[in-house]
Amino acid sequence: MTILVQQPDFGAVEAEEKVSESGEENELVLDGGFLEPPTNAFGHTFRDYDVSSERRDGVEEFYRINHIYQSVDFVKRMREEYGKLDKVEMSIWECCEHLNQVVDESDPDLDEPQIEHLLQTAEAIRKDYPNEGWLHLTALIHDLGKVLNLPAFGELPQWAVVGDTFPVGCAFDESIVHHKHFKENPDYNNPAYNTKYGIYSEGCGLDNVLMSWGHDDYMYLVAKENKSTLPSAGLFIIRYHSFYALHKAGAYKHLMNEEDIENLKWLKVFNKYDLYSKSKVRIGVEKVKPYYLSLIEKYFPAKLRW
């Protein structure tokens with residue numbers, strides 16, 4: 001069973017607003033103190049997919065393949081197969097350690113092992129929001145689904161594990177990175193799938209929408225089926241943190257329900273740290289490990305089915 005957290009009133013001007021959470025005396029500063037760096041680890045603008053760099057061509061090739069094969073049929077097959085959670089049994093922290101073996105080929109901003117990114121994100125949020133333990137833990141685990149790339153999980157290709165996510169079963173919005181490559185997707189010309197609503201309806205809720213398959217949807221299934229007590233906002237962040245067409249471009253809002261709208265506010269808080277905390281600065285793992293183990297124990301069972 002999941003628990004709901006009371007959503008704060010973010011107000012019209014998020015950068016200056018302070019609101020109390022759940023009536024408590026402490027105040028949650030929704031903009032925090034985190035400053036967005038001007039450039040990424042390579043000296044380029046963040047999420048710039050056109051700038052000439054040593055990673056640009058590889059990233060575009062990644063998205064070309066991703067956009068061709070992420071179809072309704074493919075997503076349904078992956079959800080059926082991986083929804084069984086019969087690959088591995090291990091703890092959250094063991095999974096974190098496995099990510100030392102993964103480097104995200106879709107990311108133009110970082111080429112470090114993923115555990116570095118998890119800790120950078122979690123510690124940046126922890127500094128600005130010290131009382132939101134559920135959010136610290138969400139940051140730590142949000143990318144754990146990238147273990148799909150490892151042999152024990154079938155060694156899925158990176159195009160089926162990482163990268164920006166998007167709905168399938170309706171038209172591919174033009175805001176999706178490298179949109180041009182969708183023209184080779186079998187759903188692109190299918191009249192059942194290529195309209196604004198496709199197989200969905202106004203306000204149906206994102207829970208009822210099929211998302212392109214990858215680490216986001218997989219980790220969401222792992223958390224939900226293992227009975228995590230993370231609040232709904234935490235599960236929402238896990239499933240949609242790579243859904244940039246929504247939380248950056250504002251696409252697909254016609255599919256959202258009221259709970260999605262509230263949870264999106266938390267995702268937008270989280271996203272700044274997920275994107276801009278990426279750097280070459282290392283976190284002392286052993287120093288912070290006891291804190292995160294205490295959060296894991298609070299919100300997850302000791303062993304999970306993956």
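All values below come from the heavy atoms of this structure, side chains included, with hydrogens, waters and symmetry mates left out. This is a predicted model, so every value here is computed, not measured.
Side-chain contact check for L295 versus F300: every heavy-atom pair is 4.5 Å or farther apart. C96 places a side-chain heavy atom less than 4.5 Å from the side chain of L140. When side chains are defined from C-beta on, V177 counts as touching Y63, because their heavy atoms get closer than 4.5 Å. Side-chain contact between F243 and P167 is present, with at least one heavy-atom pair separated by less than 4.5 Å. When side chains are defined from C-beta on, N185 does not count as touching I68, because their heavy atoms never get closer than 4.5 Å. Side-chain contact between L118 and I141 is absent, with no heavy atoms from C-beta onward closer than 4.5 Å. R239 has its side chain within reach of M211: a pair of non-hydrogen atoms, C-beta onward, lies under 4.5 Å apart. The closest side-chain heavy-atom distance from V161 to V147 is not below 4.5 Å.
Take Y292 and apply the ring-ring contact (aromatic ring centres under 6.0 Å, His included) test, not counting sequence neighbours, and it matches no residue.
In this structure, R126 is positioned above the aromatic face of Y291, its NZ or CZ under 6.0 Å from the six-membered ring centre and within 45° of the axis.
Between the side chain of N257 and the backbone N or O of D260 there is at least one donor-acceptor pair closer than 3.5 Å. Between the side chain of D187 and the backbone N or O of V72, at least one donor-acceptor pair lies under 3.5 Å. No side-chain donor-acceptor contact under 3.5 Å links Q158 to the backbone of N149. Using modelled atom types, one side-chain atom of Y240 and one backbone atom of L206 make a donor-acceptor pair closer than 3.5 Å. Put simply, the side chain of N208 gets close to the backbone of C204: a donor and an acceptor are under 3.5 Å apart. A donor-acceptor pair under 3.5 Å is formed between the side chain of T138 and the backbone N or O of W134. Not a single donor-acceptor pair under 3.5 Å links the side chain of S212 to the backbone N or O of Q70. Panel note: side chain Y200, backbone G205; no donor-acceptor pair is recorded below 3.5 Å. Side-chain N or O atoms of H247 include none that pairs as donor or acceptor with a backbone N or O of N271 at under 3.5 Å. Of the possible polar contacts, one joining the W306 side chain to the M90 backbone as a donor-acceptor pair under 3.5 Å is found.
Taking both residues in full, the closest heavy atoms of L135 and W266 are given as CD2-CZ3, 4.1 Å, listed atom of the first, atom of the second, then distance. A152 approaches V88 most closely through the heavy-atom pair CB-CG2, 3.9 Å. Of all heavy-atom pairs spanning P130 and K127, the tightest one is CD-O, 4.0 Å. Across all their heavy atoms, A249 and A245 have their closest contact at CB-O, 3.3 Å. Smallest separation of non-hydrogen atoms from A302 and S91: O-CB, 3.2 Å. The heavy-atom pair separating L304 from N226 by the smallest distance is CA-OD1, 3.4 Å.
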Exercise for review: Applying side-chain hydrogen bond (donor to acceptor under 3.5 Å, both in side chains), run through T165 and D216 and close with a yes or a no.
Suggested key: CA-CA 8 Å; T165 59; D216 309 62; 4.7 Å; no
Practice item. Show your working on side chain to side chain contact (heavy atoms under 4.5 Å, CB included) between C170 and Y252 and close with a plain yes or no. Key: CA-CA 10 Å; C170 59; Y252 299 105; 3.8 Å; yes
Check your understanding: Stepwise, does the side chain to side chain contact (heavy atoms under 4.5 Å, CB included) test hold for N263 with S232?
Key -> CA-CA 8 Å; N263 285 335; S232 64; 3.7 Å; yes
Exercise for review: Apply ring pair (Phe, Tyr, Trp, His ring centres under 6.0 Å) to Y218 and H215, showing your working.
Suggested key: CA-CA 5 Å; Y218 176 58; H215 71 281; 9.8 Å; no
**Study point:** Stepwise ring pair (Phe, Tyr, Trp, His ring centres under 6.0 Å) test for Y129 and H136
**Key:** CA-CA 8 Å; Y129 304 102; H136 311 162; 8.3 Å; no
Exercise for review: Before giving the answer on side chain to side chain contact (heavy atoms under 4.5 Å, CB included), spell out for L264 and K268 the whole-Å C-alpha distance, their side-chain angles and the decisive distance to 0.1 Å.
Suggested key: CA-CA 6 Å; L264 180 61; K268 287 186 173 182; 4.1 Å; yes
Point to revise | Check against salt bridge (Lys or Arg N to Asp or Glu O under 4.0 Å), K180 and E60 | key: CA-CA 11 Å; K180 61 186 178 184; E60 178 164 1; 3.3 Å; yes
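Expressed to the nearest 0.5 Å, how far NZ of K253 lies from CG of L255 amounts to 12.5 Å. To the nearest 0.5 Å, the span separating CG on L267 from NZ on K272 amounts to 13.5 Å. We find the CG-CD1 distance between D274 and I125 to be 8.0 Å, quoted to the nearest 0.5 Å. In this structure, CE in M78 is found 9.5 Å from CG in L148, a value given to the nearest 0.5 Å. Taken from CD1 in I176 to CG in L246, the straight-line distance is 11.0 Å, to the nearest 0.5 Å. Distance CZ/F236 to CG/D207: 9.0 Å, rounded to 0.5 Å.
Ion pair K146/D143 flagged as a salt bridge, since at least one NZ, NE, NH1 or NH2 atom sits closer than 4.0 Å to an Asp/Glu carboxylate oxygen.
Pairs of residues two or more places apart, or lying in two chains, that qualify as side chain to side chain donor-acceptor pair (under 3.5 Å) and include a residue from residues 188-199 are Y197-E202. Within the structure, every pair that satisfies the salt bridge (charged side-chain N to carboxylate O under 4.0 Å, His left out) test and touches residues 79-95, not counting sequence neighbours, is listed here: R79-D217, E81-K84, E81-K87, E94-K303.
Ring centers of Y82 and F153: at least 6.0 Å apart, outside the cut-off.
Remark: K289 NZ is packed, more than 12 non-hydrogen atoms of other residues, nucleotides or ligands lying under 6.0 Å away. In the displayed structure, E97 atom CD is contacted under 6.0 Å by more than 12 heavy atoms of other residues, nucleotides or ligands.
Among F62, W159, F166, F74, the single residue meeting the ring pair (Phe, Tyr, Trp, His ring centres under 6.0 Å) criterion with H67 is F166.
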